[in-house]
Participant: 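One structure, pasted below without further comment.
Keep in mind the model is a prediction, meaning the values are calculated, not measured. Residue numbers run from 1 in the order of the sequence given.
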Amino acid sequence: TSRNRYPTVAAPAATVGYLFLLVLPFVLTFTIPVGVLVGVLLGLSRMSSDGEIIALRAAGVSTRRLMTPVVVFALIGTAMTGACSLWLSPWAVRETIRVLNQIAADQMTAEIQPRVFAEQFPNKTLYVGDVISGPVIRWRNVFIADMTPPAQRKRTTQEASSDAPRITVATEALAVPDSEHNSIQLRLLNGSSHEVGKDLERYFNIRFPSLDQLLEAKAPEEQRAKAFTGLDTGPLREEAKKSRDADIELQRRFSLPLACLLLALVGLPLGVSSRKSGKSAAFVTTVFLAFLYFMAQVSLIGLAKQG
């Protein structure tokens, strides 16, 4: 009987690690602004609690002088976030989709389970008695029923065949996946092919020591990125002139780097006026301000989508 199973998708450890690295640019666009705010609050609140702010004022140094190192620190964070948001993140999205589609394509042979009828090949049914893993996948006790219409079927004899399927069996087969063309190249060993002629009284039996056969699989459902998220910033600017969604994505990419500068300027007076040097107060303030900023961003994006 035919049974449907979810295929087991496996990938080498290096590929899995590469996918984790591709997540970093997107994560850094959110964590760098928060890190800038934490640094500003921790540094200034410690100076304030130790009386260093009062000492600076007593020495005639204006509090505004503190803005210079804070702004420089924020601009460094802005540059790093801008690189992640405007360049690395779109590339990482495209690369992630490419790797995932490549993994799915390379798993065609892994979808073939032993002692289960496989029906994902158009006009063909495949049965494999055993699967042996290795550099080249080997199948044992192979059965293939070719149900292609006779007019489209490649003839093995001079006479026309009937509507009955052509049956091919082999003791062993070497399976090489061709992910580019979404197919599996088979080399059948020690097998035979059986076919009924147009006249049902005639029967054709062909034995072969080796036979090459191509199994073309159904096109897999490709992973696709959300609209415009994988588009480079240059082309996105052109699309933004024609599409509201593209314009929203473009503005979102610029709003994340500017968060470093904005949150640092908000954290400057809070850190100077703080009388507590504990890290907990700085973290609580950071969480509150970051929450307000990103909630405002989400809310305004929702309003922009509604026009």
Participant: I need the minimum non-hydrogen distance between E95 and R98, along with the two atoms involved.
Facilitator: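 E95 and R98 have their closest heavy atoms at OE2-NH2, 2.7 Å.
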Participant: Taking atom CZ of R187 as the centre, does the number of heavy atoms from other residues, nucleotides or ligands within less than 6.0 Å exceed 12?
Facilitator: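 Check fails, neighbour count at 12 or below.
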Participant: Keeping R115 on the side-chain end and G129 on the backbone end, is there a donor-acceptor pair under 3.5 Å?
Facilitator: yes
Participant: Are the side chain of S48 and the backbone of V272 linked by a donor-acceptor contact shorter than 3.5 Å?
Facilitator: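 A pair under 3.5 Å: yes.
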Participant: Among Ile, Leu, Val, Met, Phe, Trp and Tyr joined by side-chain contacts under 4.5 Å, find the other residues sharing a cluster with L189 and list them by chain and number.
Facilitator: none
Participant: Apply side chain to side chain contact (heavy atoms under 4.5 Å, CB included) to residues L19 and L100 and explain how you reach the verdict.
Facilitator: CA-CA 9 Å; L19 288 173; L100 291 177; 4.2 Å; yes
Participant: Quick check for you: to the nearest 0.5 Å, what is the distance between L250 atom CG and L231 atom CG?
Facilitator: 10.0 Å
Participant: Given the rule in the side chain to side chain contact (heavy atoms under 4.5 Å, CB included) test, do L24 and L21 qualify, once you have shown the distances and angles that lead to the verdict?
Facilitator: CA-CA 5 Å; L24 286 180; L21 288 177; 3.9 Å; yes
Participant: Give me the ring orientation class for F294 and F30: parallel if the planes are under 30° apart, tilted from 30 to 60°, perpendicular past 60°.
Facilitator: tilted
Participant: Distance-only, no hydrogens or angles: does the D232 side chain make a donor-acceptor pair with backbone N or O of G234 under 3.5 Å?
Facilitator: no
Participant: Checking R244 side chain against K305 main chain: does a donor-acceptor pair fall under 3.5 Å?
Facilitator: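 Such a contact is found between R244 side chain and K305 backbone.
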Participant: Can you tell if the side chain of F288 reaches within under 4.5 Å of the side chain of L292, non-hydrogen atoms only?
Facilitator: yes
Participant: Kindly compute the distance separating CG (L265) from CE (M67), expressed to the nearest 0.5 Å.
Facilitator: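 That separation rounds to 6.0 Å.
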Participant: Show the numbers, then the answer: is there a side chain to side chain contact (heavy atoms under 4.5 Å, CB included) between D146 and T168?
Facilitator: CA-CA 8 Å; D146 186 355; T168 302; over 6 Å; no
Participant: Between R253 (side chain only) and T229 (backbone N and O only), is there a donor and an acceptor less than 3.5 Å apart?
Facilitator: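 Checked: pair present.
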Participant: Is it true that V72 and I32 fall in one hydrophobic cluster, defined by side-chain heavy atoms closer than 4.5 Å?
Facilitator: yes
Participant: Treating S243 as the side-chain partner and A240 as the backbone partner, does any N or O pair qualify as donor plus acceptor under 3.5 Å?
Facilitator: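 Looks like no, no N/O pair under 3.5 Å.
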Participant: With the side chain counted from C-beta on, respond yes when S192 and V169 share a heavy-atom pair under 4.5 Å apart, and no when they do not.
Facilitator: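 When only atoms from C-beta onward are counted, V169 and S192 do touch, with a gap below 4.5 Å.
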Participant: Roughly how far, to the nearest 0.5 Å, is CG of L188 from CD of E172?
Facilitator: 10.5 Å
Participant: Ignoring hydrogens, what is the shortest heavy-atom contact between F228 and E249? Give both atom names and the distance.
Facilitator: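 Nearest pair, atom of F228 first, then E249: O-CG, 3.9 Å.
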Participant: Decide yes or no for D130 and N141: does some side-chain heavy atom of the first lie under 4.5 Å from some side-chain heavy atom of the second?
Facilitator: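 No, every pair of side-chain atoms sits at 4.5 Å or beyond.
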Participant: Search all heavy atoms of Y127 against all heavy atoms of V116 and return the closest pair with its distance.
Facilitator: CE1-N, 3.8 Å
Participant: Are L28 and M80 linked, directly or through intermediate hydrophobic residues, by side-chain heavy-atom contacts shorter than 4.5 Å (ILVMFWY only)?
Facilitator: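 Looking at the clustering, L28 is in the same group as M80.
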Participant: Nearest 0.5 Å, what's the OG-CZ distance between S193 and R207?
Facilitator: 11.0 Å
Participant: Do T233 and W87 have side-chain heavy atoms sitting under 4.5 Å apart?
Facilitator: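 Sidechains of W87 and T233: no contact.
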Participant: If we only count heavy atoms from C-beta on, is the E195 to I167 side-chain gap below 4.5 Å?
Facilitator: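 Answer no - side chains too far apart.
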Participant: Could you tell me which non-hydrogen atom of P149 sits nearest to which non-hydrogen atom of N123, and how far apart they are?
Facilitator: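 Nearest heavy atoms, P149 then N123: CD-ND2, 4.4 Å.
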Participant: Supply the atom-to-atom distance L270 CG to L37 CG, rounded to the nearest 0.5 angstrom.
Facilitator: 8.5 Å
Participant: Would you check if the side chain of S45 reaches a backbone N or O of G271 as a donor-acceptor pair within less than 3.5 Å?
Facilitator: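 No, the answer is negative, given that no donor and acceptor are paired below the 3.5 Å cut-off.
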Participant: Looking only at heavy atoms, what is the nearest atom pair of L88 and P25, with distance?
Facilitator: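 Residues L88 and P25, closest heavy atoms: CB-CB, 3.7 Å.
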Participant: Give every residue pair that meets the salt bridge (charged side-chain N to carboxylate O under 4.0 Å, His left out) criterion with at least one member in residues 74-88, sequence neighbours excluded.
Facilitator: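 For residues 74-88, and leaving out neighbouring residues, there are no salt bridge (charged side-chain N to carboxylate O under 4.0 Å, His left out) pairs at all.
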Participant: Which value, rounded to the nearest 0.5 Å, describes the distance between M295 atom CE and L300 atom CG?
Facilitator: 10.5 Å
Participant: Check whether any side-chain N or O of S85 sits under 3.5 Å from a backbone N or O of T29 as a donor-acceptor pair, and report yes or no.
Facilitator: no
Participant: Establish, from distance only, whether the side-chain atoms of S255 and Q297 form a donor-acceptor pair under 3.5 Å.
Facilitator: yes
Participant: So if you build clusters from Ile, Leu, Val, Met, Phe, Trp, Tyr with side-chain heavy-atom gaps below 4.5 Å, do L214 and L211 land together?
Facilitator: no
Participant: Indicate yes or no: at least one non-hydrogen side-chain atom of L22 is less than 4.5 angstrom from one of W91.
Facilitator: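 Side chain of L22 against side chain of W91, heavy atoms only: contact under 4.5 Å found.
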Participant: Determine yes or no for a side-chain-to-main-chain donor-acceptor pair under 3.5 angstrom, with T81 supplying the side chain and G77 the backbone.
Facilitator: yes
Participant: Check the hydrophobic clustering (I, L, V, M, F, W, Y; side-chain heavy atoms under 4.5 Å; chains of links allowed) and say if V70 and L258 are grouped together.
Facilitator: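 No, V70 does not connect to L258 through the hydrophobic network.
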Participant: Could you go through V34 and Y293, starting from their C-alpha distance and side-chain angles, then the distance that decides it, and tell me whether this counts as side chain to side chain contact (heavy atoms under 4.5 Å, CB included)?
Facilitator: CA-CA 10 Å; V34 173; Y293 184 86; over 6 Å; no
Participant: To check you understand the geometry: which heavy-atom pair defines the closest contact between F73 and V36, and what is its length?
Facilitator: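 For F73 and V36, the tightest heavy-atom pair comes out as CE2-O, 3.6 Å.
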Participant: When you compare the side chain of I184 with that of I137, does any pair of heavy atoms fall below 4.5 Å?
Facilitator: no
Participant: With side chains defined as the heavy atoms from C-beta onward, is the minimum distance between Q185 and D212 less than 4.5 Å?
Facilitator: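 Yes. Closest side-chain heavy atoms under 4.5 Å.
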Participant: Does one hydrophobic cluster hold both F26 and I248, with members joined at side-chain heavy-atom distances below 4.5 Å?
Facilitator: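 Shared cluster, no.
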